[in-house]
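Shown next, in C-alpha cells, is the structure this report addresses.
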Amino acid sequence: MPLRALLFASYADAVGAPEVEVDLPDGSTVREVVDAIRSRHGADRLPPAPLVAVNQRYASAETRVSARDEVAIIPPVAGG
Amino acid sequence: MPLRALLFASYADAVGAPEVEVDLPDGSTVREVVDAIRSRHGADRLPPAPLVAVNQRYASAETRVSARDEVAIIPPVAGG
Amino acid sequence: MRSAIVDRPLDAAALLAEVSGTGHGAAVLFVGTVRDTNDGRAVTGIEYTAYRDMAERELSDIVASTAARFPGVDIAVEHRLGTLGLGEASIVIAAAHPHRGAAYEASRVVIEETKRRVPIWKREHYADGTREWVHAGSGTQRTPEAVA
Amino acid sequence: MRSAIVDRPLDAAALLAEVSGTGHGAAVLFVGTVRDTNDGRAVTGIEYTAYRDMAERELSDIVASTAARFPGVDIAVEHRLGTLGLGEASIVIAAAHPHRGAAYEASRVVIEETKRRVPIWKREHYADGTREWVHAGSGTQRTPEAVA
C-alpha cells in the first residue's frame with residue numbers, strides 16, 4: 001500500500017519536506033512505517049523510535065495502519 | 001497602667017464597642033490583659049484565649065505590654 | 001513588588017500588566033470573588049473590614065517573604081474592603097516569574113498566607129436579610145465562642 | 001468549557017471574564033509569554049507551529065478530562081500560533097471554581113498536559129540572527145537525534 005506520513009517542525013526540516021511517501025504491505029505496524037521512512041535518503045536523520053500519531057491520536061509502535069490512515073511523525077512537543 | 005485594647009468584627013459586636021479600656025499593673029502579660037478584659041461586663045463573650053496583636057504583630061500569651069503599646073484582640077481572620 | 005488594602009473596585013488586568021515583563025515567561029493571576037452561596041445559604045453580598053494598619057503590614061510581609069522564597073518573582077496584590085456585590089473581586093494576586101512553577105507556587109503561597117494571617121474579616125449578607133460574620137474553614141458563627 | 005488554537009493575539013481579560021460567574025469564588029488565569037532569554041541566549045521572538053487538527057483535538061481532550069477531574073470547574077484556553085514578539089502571550093488558561101484549590105489545580109493540570117502532549121512546536125529567533133527548534137525540558141537542539 002502507498003502510505004504518506006506527515007512531518008513537522010524539526011523533523012520536516014531534517015528531511016526537507018512536510019511529508020514522505022513509502023510503500024508497504026497492508027497491515028504494517030507503525031514501527032515498520034518508521035523503519036521504511038528512515039531508510040529513505042534524507043530521512044535517516046529522524047530518530048529510530050519517534051512519537052507517531054495515527055488519525056490524530058498517539059499510537060504505539062505495534063499499531064497497524066492502512067492506506068486510509070493519517071500517519072504523522074511527531075517531534076518532541078514544545079507548546080505552551 | 002490604663003490600657004486600651006482594640007476590638008474588631010464579631011468581637012466588637014459581642015462586646016458592643018470597638019475598644020475597651022482596662023487598668024493593670026505595668027508589665028502585665030497578654031494573658032492578664034485578656035483576663036482583665038473578659039472580666040468586664042459584656043466582654044465575657046470573648047473566647048478565653050483569643051489571638052492578640054501587640055503593636056500590629058501577633059503576640060504570645062506571655063508577651064508583656066506597657067501603656068504605650070497598641071493592643072488588639074483579633075477574631076479568626078477571614079480575608080481573601 | 002507591591003501590596004495594598006484599597007476601598008475601590010479591583011482591576012485584575014492592571015495588576016497582571018504590572019508584573020508582566022519580557023523577562024517573565026509565566027504570569028499567574030488569582031481573583032477571589034463574592035460567591036452567590038455559602039454553606040447552602042443564598043448570599044447577596046459581603047462586607048469586608050480590617051484592622052487596617054496591621055493588615056497592610058501583614059500583606060506586605062507576605063509579599064516580601066514570598067519574593068525571598070521564589071527569587072526572580074514579581075508580585076502585586078490588592079485586597080478590597082467595604083461592601084461587595086456578587087461576582088465582585090475581594091482580592092487579586094498577580095505573580096510573574098521566568099518559569100511557571102514558581103509563578104503558580106508564589107501565587108498560592110500569597111493567598112494561603114493571606115487567609116491565614118491578614119486581619120481582615122467578612123460579614124455575609126443573606127437573601128433572607130440576615131448578616132453573619134464568617135470564619136474561614138469553620139462556616140459562619142453567631143458568637144465568638146463558637147470558634148474559641 | 002472551551003479551547004481553541006488561534007492565529008491572533010490572545011485576550012487574557014476576555015478569557016477570565018468568560019469563566020467568571022457568581023457561582024465561582026475563585027478564578028486562576030495563567031498567561032505564558034515569550035521571554036527575552038532562554039538558556040542564556042538573547043531571544044527576539046518565537047515562531048509557533050502545530051499539527052493543527054490534532055492539537056485542537058488534544059487540547060479539547062485535556063479540557064474535558066480536567067473538567068471531569070474537578071467537578072464544577074469552568075475552563076477556557078487558547079493557544080496562539082505564528083510568530084510572536086517578546087512579551088506576547090502564546091497561551092492563556094482561565095479556570096474558575098467555587099473554591100480556590102480546584103481552580104489552581106485545574107489550571108496547572110491544563111498547562112502541564114498541554115506541554116506534555118499537544119503537538120505544537122516552537123522555533124526561537126535569536127539576536128544573532130539564528131533560529132532553532134526548542135524541545136521542552138531539553139533546551140534547544142539542532143537535529144532530532146539529540147532528543148531521540
Side-chain angles (χ1 to χ4, degrees), chain C residues 11-17 19-40 42-46 72 84-101 103-112 114-115 122 124 134 136-137, chain D residues 11-17 19-40 42-46 72 84-101 103-112 114-115 122 124 134 136-137:
Chain C
D11 183 343
L15 266 80
L16 180 63
V19 299
S20 297
T22 59
H24 296 140
V28 172
L29 186 72
F30 175 80
V31 183
T33 51
V34 175
R35 201 152 50 96
D36 57 15
T37 53
N38 191 22
D39 279 339
V43 173
T44 59
I46 298 183
L84 280 63
L86 297 185
E88 286 197 276
S90 53
I91 187 168
V92 174
I93 301 165
H97 192 274
H99 302 289
R100 70 187 180 282
Y104 272 106
E105 287 172 43
S107 171
R108 191 76 195 263
V109 166
V110 171
I111 184 63
E112 298 305 328
T114 295
K115 288 182 172 277
K122 59 183 175 187
E124 287 181 340
V134 178
Chain D
D11 183 343
L15 266 79
L16 180 62
V19 299
S20 298
T22 59
H24 295 139
V28 172
L29 186 72
F30 175 81
V31 183
T33 50
V34 175
R35 199 153 53 95
D36 57 14
T37 52
N38 191 21
D39 278 340
V43 172
T44 59
I46 298 183
L84 280 63
L86 297 185
E88 286 197 275
S90 53
I91 187 167
V92 174
I93 301 164
H97 192 274
H99 303 289
R100 69 187 181 283
Y104 273 106
E105 287 172 42
S107 171
R108 191 75 197 263
V109 166
V110 172
I111 184 63
E112 298 305 328
T114 295
K115 287 182 173 277
K122 59 183 174 187
E124 288 181 339
V134 178

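Please read all numbers here as calculations on a predicted model, not as lab measurements. In what follows, every heavy atom counts, from backbone to side chain, and hydrogens, waters and symmetry copies are set aside.
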Minimum heavy-atom distance Arg35(C)-His24(D), with the two atoms named: CD-C, 3.8 Å
Atom pair CZ (Arg100(D)) and CZ (Arg108(C)), whose distance is rounded to the nearest 0.5 Å: 6.0 Å
Point-to-point distance, once rounded to the nearest 0.5 Å, from OG1 of Thr22(C) to CG of Leu86(D): 5.5 Å
Flag side-chain contact, heavy atom, 4.5 Å: Leu29(C) against Val31(D): no
Most chain C-contacting option - heavy-atom pairs closer than 4.5 Å, from Gly87(D), Gly21(D), Pro98(D): Pro98(D)
Contact class of Leu16(D) relative to chain C, heavy atoms under 4.5 angstrom: side chain
Contact origin within Ala12(D) toward chain C - heavy atom pairs under 4.5 Å: side chain
Side chain proximity check, Tyr104(D) to Ile111(C), heavy atoms < 4.5 angstrom: yes
Interface moiety of Val34(D) toward chain C, non-hydrogen atoms closer than 4.5 Å: backbone
Chain C contact via Ser90(D) - side chain, backbone, both or neither, heavy atoms under 4.5 Å: neither
Engaged part of His97(D) at the chain C interface, taking heavy atoms whose separation is under 4.5 Å: neither
